[in-house]
Amino acid sequence: MPSNAHLERARNHGVNPLVYWLVRASFQSFFHVYFRLSRIGREHIPQSGPVIFAANHRSFLDPFVIATMVRRPMYYVAKRELFLPRLQGWFLNALGAFPIDRGNADEDAMSTARAILERGDCVLIFPEGTRVRPGALGRPKRGVGRLALETGAPIVPVAVIGTERVRRGWRIRPHKIRIRAGRAMQFPQVDKPSAELAGAVTDRIWPNVMLQWEWLGGLPPVRRAAVVGAGAWGTSIAVALQRSGIEVQLGTRTAAQAAEITAAGGENPRYLPGVILPEELRVGRAADLDLESADLVVFAVPSNDLPAAVAEHGARVRSRAGVLVLSKGVVTADGRTPVEYVAERVATDAVGCLAGPGHAIDAVVNGASLVAASADPAFLQQLRDVLGAAGFQIEATDDVIGVELAATAKNAAVLAASAAAVAGPNAAGAAAGKVFGEIADYATRLRGGRPETFTGLAGAGDLVATVVEASSRNRRAGELLGRGVARADIEPQLGQTAESLHVVPLIARAMESAGVRAPALAGLAAVVEGVDDPAAWAQAITAPTRPRRASRAA
């Protein structure tokens with residue numbers, strides 16, 4: 001049956017009553033038992049007359065579960081490709097589906113929807129245009145606004161959640177599904193609405209769908225973000241997020257630092273000189289941030305300051321918010337990474353990190369290619385969307401431990417290379433390679449990290465960017481360490497925190513406790529702690545190893 005025949009049947013004949021009600025009865029019973037279907041807000045749905053249902057779209061199951069909200073047939077558009085197999089096309093058409101050519105202004109499908117509404121039936125529209133999963137809801141297209149204006153039919157906003165977790169390959173798994181309908185909306189009928197008017201009406205409808213979605217526990221879009229820490233990266237991320245249209249608060253350590261930024265005309269002269277902050281970006285003490293209303297909270301503090309920041313601010317992060325951690329390294333002597341540390345202490349499941357070659361000023365001016373990592377696929381997609389809109393090219397991965405330990409390996413390797421450079425470039429390269437390799441071996445063999453993470457942007461890419469950047473804190477810290485400057489005197493000379501000085505002893509202890517042999521890293525940790533001489537360690541990096549003597553026979 002060609003597409004125009006499917007459209008003709010939907011316009012003039014409607015569903016096949018026998019097929020529709022048999023399938024409906026079977027599906028509804030199955031949904032209640034297998035998916036523990038919950039339907040909320042059915043009292044808001046008109047019992048007669050034309051109705052447009054505007055819903056989010058996560059799964060192929062959505063039309064079938066949403067149809068259980070009403071006691072009369074519901075018609076809906078489906079992509080034209082689904083109707084190509086003859087039997088499948090007939091069956092879907094019998095259940096109320098009619099084809100649409102996605103990506104084009106399909107006037108035939110729109111006229112079919114109008115005809116169905118004019119005879120007093122229900123039409124289900126997915127304003128996103130296609131399935132959107134995971135993450136927050138997608139952007140709506142203006143077709144639903146146009147249809148509402150052309151027909152004057154009431155629009156019922158609907159959200160469905162849980163259907164995206166049902167299917168894995170061909171397997172249909174049991175998972176709780178919930179649907180919620182809001183109060184019907186209605187707009188005056190207009191014969192030929194303009195594109196601008198249709199878009200404006202769609203912009204009125206979609207927030208009501210989002211309201212139902214968030215009520216069901218769906219991930220909200222990032223409207224407001226709070227950045228704890230006004231260092232170089234914290235300020236850069238705040239600027240980028242503000243430029244993307246998000247309302248951003250930037251929290252400084254002290255009131256004096258906030259006043260310094262204000263006095264400098266909206267510039268952070270200590271950490272991000274030459275970059276003027278957007279006027280809309282709110283700067284104040286971190287203690288005064290409105291974390292309770294933030295959809296995204298960014299901890300942009302060095303790893304050694306993370307425990308204090310979490311202790312002070314973690315309890316104010318709302319459970320529905322996502323948390324992005326920019327700290328690089330490990331936090332405790334047992335090798336706890338920043339994401340692990342935050343996830344244990346902040347009441348949210350959505351925690352992720354950001355790594356990769358990202359020099360702060362260069363990232364604001366020229367952009368950057370970064371890696372976002374999270375075990376929560378919805379939050380990971382949200383990070384990808386938000387950071388992409390902020391001007392960054394984002395690679396997404398669920399290898400959180402790999403990304404965090406790759407960043408640890410990078411910092412340690414840069415410190416090792418610059419400290420060993422007093423013995424020549426060969427020693428510097430050997431020190432960096434050995435330290436990086438030892439941590440990578442620990443991460444992939446014992447912690448579940450993936451080798452490709454260390455050879456990609458989060459590992460090798462970030463290592464190169466840090467080595468070639470003369471102003472890198474970890475590189476400069478290593479140079480001072482190699483010249484014999486004590487650890488306690490290095491950061492005062494830098495005027496900033498060098499995370500590697502704090503991270504190297506911690507990761508060395510964690511690997512030793514795990515039984516991992518890491519002589520290059522252990523030697524570097526001894527140098528950092530003042531136990532070993534940096535020149536002697538640097539010389540030992542390339543010193544030939546003595547062959548073992550064969551044991552005498554007994």
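Worth knowing before you read on, the calculation uses all heavy atoms, side chains too, and leaves out hydrogens, waters and symmetry mates.
Remark: the Thr337 side chain and the Glu404 side chain contain an N/O donor-acceptor pair separated by less than 3.5 Å. Using a 3.5 Å distance cut-off with no hydrogens or angles, the side chains of Asp385 and Gln381 do pair a donor with an acceptor. Between the side chains of Asn474 and Ser472, no donor N or O sits under 3.5 Å from an acceptor N or O.
The environment of Glu279 atom CD is sparse: at most 12 non-hydrogen atoms of other residues, nucleotides or ligands sit within 6.0 angstrom. The 12-atom threshold is exceeded at CZ of Arg316, counting heavy atoms of other residues, nucleotides or ligands nearer than 6.0 Å. With a 6.0 Å radius and a threshold of 12 heavy atoms from other residues, nucleotides or ligands, Gln496 has its CD atom above the threshold.
Scored by the side chain to side chain contact (heavy atoms under 4.5 Å, CB included) test, Ala343 finds Val351 as partners (sequence neighbours excluded). For Asp441, the salt bridge (charged side-chain N to carboxylate O under 4.0 Å, His left out) partners two or more places apart in sequence, or in a different chain, are Arg445. Checked against salt bridge (charged side-chain N to carboxylate O under 4.0 Å, His left out), Arg476 has no partners two or more places apart in sequence or in another chain.
With Tyr442 as the partner, the side chain to side chain contact (heavy atoms under 4.5 Å, CB included) test is satisfied by one option alone out of Ile507, Leu521, Thr408: Ile507. For the side chain to side chain contact (heavy atoms under 4.5 Å, CB included) criterion with Phe299, the lone passing option out of Asp305, Val227, Val323 is Val323. Just one residue in the list Arg224, Arg282, Arg223 forms a salt bridge (charged side-chain N to carboxylate O under 4.0 Å, His left out) with Glu247, and that residue is Arg282.
Looking only at side-chain heavy atoms (C-beta outward), Glu438 and Val516 stay at 4.5 Å or farther from each other.
Between Phe31 and Phe27, the ring planes are tilted. Angles from 30° to 60° get that label.
Of the possible donor and acceptor atoms, one in the side chain of Trp213 sits under 3.5 Å from a partner among the backbone N and O of Leu219. Looking at Glu491, its side chain never comes within 3.5 Å of a backbone N or O of Gly495 through a donor-acceptor pair. Between the Glu499 side chain and the Ser303 main chain, a donor and an acceptor come within less than 3.5 Å of each other. A donor-acceptor distance shorter than 3.5 angstrom exists from the side chain of Asn268 to the backbone of Ala230, with no hydrogens or angles considered. Not a single donor-acceptor pair under 3.5 Å links the side chain of Trp215 to the backbone N or O of Ala159. Tyr341 places no side-chain N or O within 3.5 Å of a backbone atom of Val310 that could act as its donor or acceptor partner. Of the possible polar contacts, none joining the Glu267 side chain to the Pro273 backbone as a donor-acceptor pair under 3.5 Å is found.
The pair Arg142-Asp203 fails the salt-bridge criterion, with no side-chain N (NZ, NE, NH1 or NH2) lying under 4.0 Å from an Asp/Glu carboxylate O.
Across every non-hydrogen atom of Val504 and Ala412, the tightest pair is CG2-CB, 3.8 Å.
Atom OG of Ser38 sits about 10.5 Å away from atom CZ of Arg180, to the nearest 0.5 Å.
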